[in-house]
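One structure below.
In what follows, every heavy atom counts, from backbone to side chain, and hydrogens, waters and symmetry copies are set aside. A quick note: this is a predicted structure, and the numbers were derived from the prediction, not measured. The chains referred to below are lettered A, B, ... by the order of the sequence lines, with proteins before strands, and numbering in each begins at 1.
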Amino acid sequence: MATSIKYAELRCRTHYSFLRGASHPHELVERAAEIGLSALAIVDRDGVYGIPKAYEAARLHPELKLIVGAELTLESRRLTLLAKNRAGYGLLCRLITASHAGKPKGEASLSQEEFVGLLKRSGNEGLVAISEDAVTRNQEFYRALKELFPGRFYLPVSRFLDATDRDRLRVATQLSAELGVPLVATNDVHYHIPERRQLHDTLVSIREGMPLHCAGEVLFSNSERYLKSAKQMEKLFRELPEALENTIRIAEQCTFSPAELRYRYPSEWIPEGETAQSYLERLTWEGAARRYSSAIPENVLKQLRHELRLVNELGFADYFLTIWEIVEFAKGKNILCQGRGSAANSAVCYCLEITAIDPVRMNLLFERFISAERGEPPDIDVDFEHERREEVIQHIYEKYGRDRAGMVAAVITYRGRSAHREVGKALDVPLEKVAEDPRAQKLIEEILGFPRHLSIHSGGFTLSADPIIETVPIEPARMEGRTIVQWDKDDLATIGLLKVDILALGMLSALAKTFEMVRPREQLTIATIPPEDPKTYAMLQRADTVGVFQIESRAQMNMLHRLQPQHFYDLVIEIALVRPGPIVGQMVHPYLRRRRGLESSASPDPRLEPILGRTLGVPLFQEQVMKMAVTLADFTPGESDQLRRAIGAWRSSGTIERLGRKLMDGLLRNGLPKEFVDRVFEQIKGFAEYGFPESHSASFALIAYASSYLKCHYPAEFACALVNSQPMGFYSTHTIIEDVKRHGVRILPLDPNLSDWDCSIERKAGKSALRLGFRIVSGMGEADARNLFEERKKGPFTGLGDFLSRLDLPPRVLHALAMGEAFACFGCNQRNALWEILARRNLREPGTAEQLDFLQLMHSSEGASDSRSKMNFRSLSEFEAIQSDHRSFGLSLRGHPLAAIRKTAGRKFPPTTTTHIKRTPAGRGVRIAGLIIARQRPQTAKGVVFATLEDEEGFVDLMLHKQVVEKFSDIFLNDPFLVVSGRVERDRGAVNVIVRRVESLSNVVEGSQFRGKSRDFK
Amino acid sequence: MAAQPEKRIACLLIGSTLPEGSLEALAEASMRWSPQVALRSGEAVFIEIGGSRNLFSEESFIAKMRVLASRFDAHSVRIAIADTAGAALALARHSVPRIDSLPLESFVDFLNPFATLDPDLKRPLEKMLHALRSLGLSKIGEFTSIPVSEITPRFGKQACEIHAAVRGRMEPAWEGFHPPERILETIEAVAGGQNGEICADLESLIFILKAPVDRAMARLRGRAQRAARVSVTFELELWSTIESPEREFSVSLALPQGASAGLLPILQERLMRSLEKEPLGSPVRKIRFEVLETVPGRDAQRDFFSRKEEEDENWDALVARLSERFGKERVFVAETVSRYLPEKAYAHADLHSRAARSQKAAGPQLHLRPSRILKSPERLLRSGRTLGLPHPDGKTLRANWQATTWEGPERLSGEWWSEEDRFERDYYRVTSERGEQLWVYVSGEVVYLHGYFD
């Protein structure tokens, strides 16, 4: 819109002012360009959260200047600061960092002393300051600002057409005249168009924790705080033209752009005389010599040279070295770690021992990891033992310092459920009615994706050679000891900053522990585990995979029966197959049919054989689509990478239409059959849902195989390690122990004189038995256990009395030990032990000994007792004992609770067991009782819920259609013990019960109230 | 063999919620059988009947109690009789015949049958119950079979007390119920002089009424209470023409009154209106004044150095009198409400609300607003500079103004979430040629009058 009047909006908030702004950064930028503003200053509260996204949008609108700033909190006042140049921006980041440091979340503030002190640093002249709206003529504050920002301080003047306009204008003009401070017009923008006012009101309501109808004058009185054009502002400030002109004057001074943010990788480990690239190459060739103990194969040499050349061209050597250094630290501390994701495509990463998969042997696609066209740093994610990841994090902080290292933020946004809940509260509509309310639906649609608060990206770090707090502010995270930068991973990528992911994997902890336990007999590592062990694959074919990484869920077990893995690559496929992507893309059944020989697995064209041969002609991985695009549709490697990204952004991007069409046309042009091409297009839609890249699946398959091997050959040690690494995995400690018992491993009870904190292995006659440790005791902490061990060093406990007199454990712990019969070794059953404990650790209030003696004397004529007399409490029944064990330890060695109920319930109890079910022909009706140990409702399953039912003999899988779940939801979702009726369905070894009726076992059999816990997964 | 207990306590446990005051009335009615009555608020009545053993058996007493309870709409009741209040309550609550069969949860009834247990005492009790259940105990009989010497070291003083209470060896102090005293004053309605003329006119009656009202209010004052509902009853001369020998006037006061100076004018208003509609059928012989309902008042001692109490009393009297004159629905105290929609930016405050009558309005800063605001905006007709307020007949104008200046706009919009209240208005202060100042707004194309700046 051409106009002779120019205007720059210098106070504009995005939704990154967290519940204060109601527009995305890109909406504000696009609207500002549309209405012809000269410049737009994004000034979010106490941060620069929205700058990268605004910058990304502004790159498409070169006619609009983006000004970077922030609104700082100075005790009870606010001050807008705009960055004129790089130095000013660096100082702004320091000010923001200081305002957050040591303050509770959401209460950033700078004291006057801090503020003035920091402004003395260089960069002050690179800032323009605009105060908040003057509502009082108290001049002291404004004089101070005028002195701190000579020639760069302005008073804002706004007209919102509300009741305070006149006063505001009067005060501002008077102050301006008295102090000689110029005025600058601003509309204090909170949203880009007036129609967003409703959403803004809703955000205020959420922020203030009150429904809209109670918010009253907390809300704005009208919809005027939107981006206004120069013409609109001219009409409002007809009598103050200089206020408008000053906006342009200021905008012209502010030349800083985020494009100026140059980044340097940390590089202190590079030896003298070397460059990052030369050092990287040396390490790579040294690693290759270790990896390939005989001569390095030609194809590996070729691949390594290609990768190193690309790394050199793109300048990423420092990045690889940064990751290598972290991995070396972990290895030096014997912390198990392994790279995952697309990094497994890199031979350099393999040689540096960052990843464990040989990508050349696996024929993986390097361009999935880095490409020249992409031009951005690669993403290397490394998993560490989850219990030791903190050591790695502390190493990074120590090495780089808190001003050069910060964890990456994750922006928690409003999604379906939270949006429904918060909008419902704002409108004061009950949650169950929100879906029907048209006002709510509109608001929900708008609020989806809005930031709620900042969290820590799990394990993501950004590191820099220079103080990072001059590039992006750092603030404390909610987790103690953690600080985060104000940008998320996408923002870092936009600006070009490095991110490394330090992730935690429970299974690595379990593997490390197992290796340690096995060490006296066999020195094992992930790398030295014998590959392709037939016994291990036989176990996998039986789907005997409780505790095994990635393939222990009910869905995976089901697939194992059908897929019958025989080799490592089968595991790669197994892991990738049970994901939403392949399911939605309808790849699963075609693959399985071909595997069983029910249809031909030949590719429709011999040129596809090298790409699809391993997956029997069905594209299961994004990399295969990328390879097809390059080999058979004339894509460059970079274009194929764009295609991969477009696939990943299917629902939100129109790019897929263009690139997908190009792919289809290219394949057809190169002579591939139309039927195949159409099918591929449908299948790659599935990749829009979450699917694993091949390299990632391969990395995980390695860990899955290692854990399978250990479970197969060292079941006691493996189960022990799993229990000691809880919480992790799919199953509870109870299920792990029940499973290992079924494998013939003896479980030894908790013993005050023999147990450690962790469960441990006791070897007798060449067999391993698992001794339970104190970690399973409900309410017991490691500190309590340490006291016990210290005391035990002085000599074993000779009885319960001795135990109680030497230790001061909390009552709840003693209660748990007593009721779990941990004192059986002293000849005490549960109740006798508890009785004894109560006497020693009585519950009376202090200081009433005399009173008690008197009271006892008063009543001693009745029931006068021989204090040596033993109390005879009724012994717990078997079921009660099992129940009591579960309350104390989360498991029981007496047996499965179902077995106990079955014994006493008699004829009312359904006689069918899981063993019977497994032998029942398909189509037959059954009725079975059991304990629900897991429930799952996959997003792709359209409301179908899958569950696992356990009894004393094993598991069976249940499937409940949506209407059955709805009909019996109260029982099914809340009662752990159920009786289900349904029909058996079989597919090879996989057996399901399609449930049509659910009853509570306690309704069928009295006295079976049991407090177990199901692990529920979405 | 144990001696015959002297005491027997009956407990009437109410199974449903009774209207307010009914349990107290039931307790008061129970006093016909025994002066020893106690209450458990909202739940139970205890009556000591050991002393009435000679007059009726326990079975017949239970039957009498049921009949009495039904008169107070307490139909689902449980009754138990035992040696202590705690035992009687527990037996009634759990409907078991013997103390030994009571569940452990009934400890709480033994500890304090007359009130809910203090949270500080409840916590240790719950811990003890948890431990006892873990030991497999569920009934009181199992608990009492354990010697107190074993119980006390493990569970402390409270357990010892329970052990004793359950065995009837100890019980909390009896919290006797005392029905509230009636505030009732009576006076012969004799006009001055020796003739003994009996009063028939209102003025004389009010004059005579003053004395009993003064006495009643003084008694209330001494109890630090104020009257919320009163009744005046005229006993009439027994003429053959009258239908009833008494006329009662029950007055619910809009605001409680603590002084006769405030109450009398209210009574006068009520009597005046009532007698205008229906005059007395015969002269009044006697007047009864009774305070039927009270609320806590100010201090029993008046502070003669503070005017605040007098001001508050005067205010209460004024408001109550206006309510009496015009009707409660037409008298209200307005307090500001934080809303932008002007006609809803105030609310009827509770007449009792002290904040509502405070000099400083608690609420948001008030913007410039007209001194008079219409209850509902009225549509104006606009033609050039003329603004006209049409008559309801639509044919003529009730008023019109020549607008000289339009100051504004103040743009007010909001409440978009409400179908009924959403609004979008540009307000102006319009000055007319005659100097009047109107508060008008434009919504869409239409102009509305909303108030006047005086």
Side-chain angles (χ1 to χ4, degrees), chain A residues 160-166 197-198 201-202 211-224 426-428 439 811 815 818-819 830-832 834-835 837-845 848 851-853 855-856 858-860 862-867 869 871 873-876 880 884, chain B residues 120 123-125 127-128 130-132 134-138 142 144-161 163-164 167 169-170 336-341 345 363-369 407-419 421 424-427:
Chain A
F160 305 127
L161 302 183
D162 66 10
T164 55
D165 265 0
R166 193 154 52 162
R197 184 267 182 97
Q198 292 186 9
D201 283 354
T202 306
L212 282 160
H213 65 79
C214 295
E217 296 191 5
V218 173
L219 306 175
F220 292 144
S221 62
N222 56 35
S223 312
E224 293 299 306
L427 289 171
D428 207 10
R439 305 167 298 169
H815 187 107
M819 296 310 292
Q830 297 99 324
R831 286 177 170 156
N832 288 341
L834 181 62
W835 190 242
I837 285 165
L838 286 168
R840 298 280 185 143
R841 296 217 36 121
N842 61 67
L843 303 173
R844 65 179 169 188
E845 56 272 27
T848 57
Q851 203 171 1
L852 281 172
D853 288 341
L855 282 167
Q856 275 187 234
M858 263 181 69
H859 304 293
S860 61
E862 284 84 24
S865 78
D866 176 356
S867 62
S869 65
M871 300 305 306
F873 295 107
R874 180 178 60 79
S875 296
L876 273 69
E880 284 173 335
S884 186
Chain B
D120 286 339
R123 273 189 291 275
L125 178 64
K127 276 191 187 171
M128 179 171 73
H130 175 64
L132 290 173
S134 296
L135 292 164
L137 276 59
S138 60
E142 293 167 327
T144 51
S145 70
I146 302 173
V148 70
S149 56
E150 296 284 341
I151 289 286
T152 314
R154 287 170 172 81
F155 300 111
K157 182 178 78 147
Q158 193 182 57
C160 189
E161 286 171 1
H163 206 274
R167 285 155 53 233
R169 299 288 163 187
M170 199 154 112
T336 54
V337 169
S338 179
R339 285 176 78 168
Y340 288 114
L341 184 59
Q365 184 193 356
L366 297 175
H367 306 300
L368 183 64
R369 288 289 179 261
E407 191 184 321
E410 180 190 348
R411 185 159 290 169
L412 291 177
S413 67
E415 311 217 2
W416 44 266
W417 52 85
S418 164
E419 207 50 63
D421 288 336
E424 214 168 304
R425 303 173 184 174
D426 280 354
Y427 275 87

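When all heavy atoms of B:L135 and A:F873 are compared, the closest pair comes out as O-CD2, 3.5 Å. The two residues B:S413 and A:N222 make their nearest non-hydrogen contact at OG-CA, 3.4 Å. B:W417 and A:L212 get closest at one heavy-atom pair: CZ2-O, 3.5 Å. Shown here for A:S221 and B:Y340, the closest heavy-atom pair between the two residues is CB-CE2, 3.2 Å. In terms of heavy-atom proximity, A:A163 sits nearest to B:E410 at CB-OE2, 3.4 Å.
Using cut-offs of 30° and 60° for the angle between ring planes, the B:H130 and A:H815 rings count as parallel.
In this structure, the portion of B:L137 lying under 4.5 Å from any heavy atom of chain A is its side chain and not its backbone. Looking at A:E224, only its side chain comes within 4.5 Å of chain B, counting heavy atoms on both sides. Proximity to chain A (any heavy atom under 4.5 Å) is shown, for B:E419, by neither the backbone nor the side chain. Only the backbone of A:F220 comes within contact range of chain B, judged by heavy atoms closer than 4.5 Å.
Taking a 6.0 Å sphere around CD of B:E424, one finds it holds 12 or fewer heavy atoms contributed by other residues, nucleotides or ligands.
By number of non-hydrogen pairs under 4.5 angstrom with chain B, the leading residue of A:L219, A:L876, A:D162 is A:L219.
Judged purely by atom type and a 3.5 angstrom limit, B:R154 has no side-chain atom pairing as donor or acceptor with the backbone of A:L838.
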